[in-house]
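Values in this document were obtained by computation on a predicted structure and should not be read as measured data. All ligand and atom numbering here is 1-based and tracks the order in the structure. Side-chain atoms are counted along with the backbone in the values below, which use heavy atoms only and exclude waters and symmetry mates.
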Amino acid sequence: MPTSNIPLCDPTACVAAGCDPVVCTGKGVPSNETLFERTTKAIPGGVNSSIRAFKAVGGRPYVVARGEGAHVHDVEGRRYIDLVQSYGAVILGHAHPVITRALRDAAGDGTSFGAPTPREMKLAEAISERVPSCERVRLMNSGTEATSTVVRLARGLTGRKKIVIFDGNFHGATDALLAAGGSGVATLGLPGTAGVPEEAVANTVVVPYNVVPDIDETVAAVIVEPVAANMGVVAPVPGFLEGLRTACDRAGALLVFDEVITGFRLGAGGAQGRFGVRPDLTCFGKVIGGGLPIGAVGGRRDVMETLSPLGKVFHAGTLAGNPMATAAGLAALSQLTPDAYDEIERRATRLSRIIDDALGDAVTVSRVGTLVGIHLGDALSGRSPSNFDEAKTTDEPMYARLFHALLTNGVALAPGAYEALFVGLGHDDSVMDDLAERFVTAARSVATPG
Ligand SMILES: *Cc1c(COP(=O)(O)O)cnc(C)c1O
């Protein structure tokens, strides 16, 4: 069927007819299955970010019509307690009124201009004020753009090529950083995916997390997730981040913290505020956009001013510093007071206890502040993983069973065993009470696999 014959809803006419314009596809209200099936005919795999697919856990995704606070509703009207929260991008909860209002106001002012705007200035200032290492901030459109920009910036500034990254850390879809590591030893990067030529990762060195590597004068930058949150949640061991700082200083390499998850999630100062180590550059994304597309690089003034137009390293973006994204980001930051972080941390602690109580010896919960990760099975005898090799011993089949048991019981986790679990200002006490009951019910069915 030619797609041009598929009618698109007219939102105004839909509402007038008493129809739900979000869910309706012009052919009545679909099921998750029919809607996802139809999506796969327009979008490869039916998803615009491959981690959203249910490849690792089996089955078909629920299709989200809307969310509010801690909950999402699928197109069939089923409600889930959402622990995905847009992979951490949403921290106030879905459709928070402060963000909704900020977006309405911003939309009314025009959505993009190609000229400087007050909101981008305010967001950059807000980041600088809260993260002292960020003397200057350049806003862009994704975490991926931030990491690819720091690679170019570090190489351009130092005149060196090598980038050191850590096995199990994730830095988005940046070619130079899509390198696979070997097992437990420092290796020169191998392409982490088809489409990345060896040349693109020939200067990327992959080393084990939580061990300070030798850094020599060929290294432009060391890029690290200061708390690893893409292999479950793995805390930096004492001395690791400090050791990286010292090693980089000695070699004249830049230390880059990828705080795309941890930034404004662990607290207003991010992981660097929590652990007291000052990087030269920091990548942001997720929380600073209040649920809209955003990324940012912040850092030392002299380093940041190496970016064009002042310096020799090119960066530009049509929608960079976008009025809508910066409005949502400013609205999010306005709510993230010290009390708000205390509250979120209390909820993360409660979530850890809920999981522990429900799953007992079958789980090890790793929590760093507001970030929660789980490791399933007893391969580490109840110890939290400290690197990727250890993280990979998680029981993936058990995760798939737990995932589906929770989904059946109205709780949404990310469809992958290595994602963090996110709570925020939407997960109030009544939601957490409800979650506790659902976890216990789901855990019972996981304990006795069919
Ligand atoms: C999500 C993430 C990225 C990529 O950000 P996008 O906005 O998805 O491009 C980079 N680094 C880390 C640590 C992330 O968690």
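In this structure, atom 11 (N) of ligand 1 lies nearest to the protein heavy atom Asp258 OD2, 2.7 Å. The closest protein non-hydrogen atom to atom 5 (O) of ligand 1 is Gly143 CA, 3.2 Å.
With contacts defined as side-chain heavy-atom distances shorter than 4.5 Å, the pair Ile223/Val164 does not qualify.
Aromatic pair Phe284/Phe257: ring centres not closer than 6.0 Å. Ring to ring, Phe240 and Tyr209 are close: their centroids are under 6.0 angstrom apart.
Using a cutoff of 4.0 Å between basic side-chain nitrogens and carboxylate oxygens, Asp342 and Arg346 are not scored as salt-bridged.
Close approach of ligand 1 to Ser142 is summarised as follows: ligand atoms under 4.0 Å from at least one heavy atom of the residue are 7 (O), 9 (O).
The presence of a protein heavy atom under 4.0 Å from atom 7 (O) of ligand 1 is confirmed.
Remark: ligand 1 and Val260 share no N or O pair separated by less than 3.5 Å (distance only, no angle test). In terms of N/O distances under 3.5 Å, ligand 1 is approached by Phe170.
The option from Glu145, Glu225, His171, Lys286 that lies nearest to atom 15 (O) of ligand 1, judged by heavy atoms, is Lys286.
At a heavy-atom cutoff of 4.0 Å, ligand 1 is contacted by no atom of Asn169, backbone or side chain.
A donor-acceptor pair shorter than 3.5 Å cannot be found between the side chains of Thr393 and Glu390. A donor atom on one side chain and an acceptor atom on the other are found under 3.5 Å apart for Glu68 and His73.
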